[in-house]
Amino acid sequence: MFRFIITLLVLCGLVSAQDFSVPSGWRHPSSSRSGSDRAGLAQALLSTVTPQFNSTSGQLDSLFFNQNANLLSAISIHAMIVPSNETNLPVVLAALKGASQSQPGFLTPSVCRLPTSLLPEIAEFNVDPLTWGLAALHAYCSYADSYFLDTATSIWQNMSDYLVSTTDADIRSHPFRNTTFQQECNGTSTAGAVFVIANDPIDLTTNAATTGSFMTLSARLFEATGNTTYQLAAQLSAWFIQSHLYDGTVIIDTFDLSNCTANLAQETYNSGLVIEGLSVYVNQTNNATMRSFLNDLISTSIKNSTWTGLDGIIIEGPSQDTVATNYDGVAFKGIFVRGLYEAWSRSPQDSDVAKLIQSYITVQYNALVDLAKAPSNDYYAPRWQGPPAESFLPWGQLAALDVLNSAAGMSQEPSPSVTPPSIASATTTATSTSHHGLAAGAIAGVTIGVVVVVTLIAASAIYLYRRCSPKVTDITYSTQTSWSLPDHQYTTNVTPFSQTLPVSAAPSKLQSEGSSSHGLLSPPVTSTSRSQEPHEEVSNVAQNSIPELVQRLNQAIARLPPTAQVDDMDGPPQYESIR
């Protein structure tokens, strides 16, 4: 009982700590520009980029390999936001096919394309194919061509070989490594990590770009196919990210499994990738723990002073003297906006988290249009505070495109057939009623205090009632814990941009769920005596005897894993692995 009360207090503290207020100093957090104007600006930017694709390689020669993949993702997302616009389908299809046929590293890890002076040896990075897998899946969501889905599943299957499964962590060994690593770091399993480098058998580093890309690709494949292998992979990597790559404010860069040390470098794209993947995963599973993590990450990363200025504009990127230099911190800051837009599109539009995201993205949009856009053309400076672009810089266009896409999407009215998604359901939504008397902060504090007190009273009542009433049937739990939801039951929730995705059969290697060359995951083993229903309610006797408030809390408790304790909340789900 004591642990249960502590758990409730922790959860209440998490909710109350989330700050979704919009700072008063932000520059122009609203816009009156029409949806057609916003979409037109995005398409005009695209018209400066698409003619420059190399027809043989499928890339812009001036962008890095994975930057080209991100550009294709942004082009496809534009088509999702403006569904009637398929102008760029031939470009995306030709680029993906060209890259797959001409570029090493499209389906398997590629040789790094940085100057050799920056690396001790030639390294093959797993993030490259993962980024192209996301590009293929974004294209599938937009254009519903099975070629894109087949490409994404093939890439995922190859990359899953570099995932640290639960069994790998338990035995401290991996088929592609000839040295051992830590089973746990700070009391939490290392399962869920994806190795950064493919061809170095002694390198035990993972990073947010690689593990975050794998998690996001897994979540999106689960959404597209309903195959729970992808769900289990996404949740395992999400647990690793929360446990080892989240510093309480943002997603940090790198983690070493050999000694549990971290590189605390902060880049927007790391948090953006994780926000995108969590948004999809939470929308599909309604996992309360991951929803709370997602909302925490959104509220803290947006206001992180490392990359957000006092005026709300993202300051990550070049100084005025280095705008002509391409590097990931410049080109990839649009990924942060992309991830936030994904969260916004799956949230109730009147929720506090959606309002904060919309204000933040609108600040970036207004800065781009007012300060960074060249007055006589559609070129955008990589530095969003200005001055305007003086020439065409592909990395500046790439970073700007996700902002223009997101602003265009936010201007669209939601479809009447869309059911409100679940990402922000744990947050307090604002009302239009004007409050007189108590300030908003005081009202929030009183409300939270009342909720905590009532919750504790209700919990105590349930505990005493069960202890003193042997005739009451106790709560029964699902055969599936909250980490493995049965039969893709949440796929009827809203999909990105209200578009229905066709379901394609997964490749043959995925026909047996949980299989991979080194053993991915398998669903947890549970007691056969428990109910087969996903959410079993308390008995009618209990419902008739306990007041309504207690009854509701009881039903919520019934949805928790059967052994949920405070001590168990920090670790990832424990899965068996199939070798």
Open item on the list: One pair to check against side chain to side chain contact (heavy atoms under 4.5 Å, CB included): V82 and Q43. What are the steps and the verdict?
Closed with: CA-CA 10 Å; V82 188; Q43 184 57 47; over 6 Å; no

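- Between F65 and W132, the ring planes lie tilted relative to each other; the angle falls in the 30° to 60° range.
- D296 and Q18 share a side-chain donor-acceptor pair at under 3.5 Å.
- Within the 4.5 Å cutoff, no side-chain heavy atoms of Y143 are placed close to those of L93.
- Side-chain polar atoms of T308 and Y360 form a donor-acceptor pair below 3.5 angstrom.
- Under a 4.0 Å N-O distance rule, the pair D402/R338 qualifies as a salt bridge.
- Donor-acceptor pairing under 3.5 Å is recorded for the side chains of D203 and T205.
- How far CZ of R177 is from CZ of F195: 5.0 Å, rounded to the nearest 0.5 Å.
- Looking at heavy atoms from C-beta onward, W239 lies in side-chain contact with M290 at the 4.5 angstrom threshold.
- Using a 30° and 60° split on the angle between ring planes, W156 and Y230 fall in the perpendicular class, above 60°.
- Side-chain polar atoms of H138 and S76 form no donor-acceptor pair below 3.5 angstrom.
- How far CZ of F214 is from CG of L130: 7.5 Å, rounded to the nearest 0.5 Å.
- Side chains of Q397 and T48: a donor on one and an acceptor on the other come within 3.5 Å.
- Using a 4.5 Å heavy-atom threshold, the side chains of L204 and D256 count as touching.
- Between W344 and Y341, the ring planes are parallel. Angles under 30° get that label, and only those over 60° would be called perpendicular.
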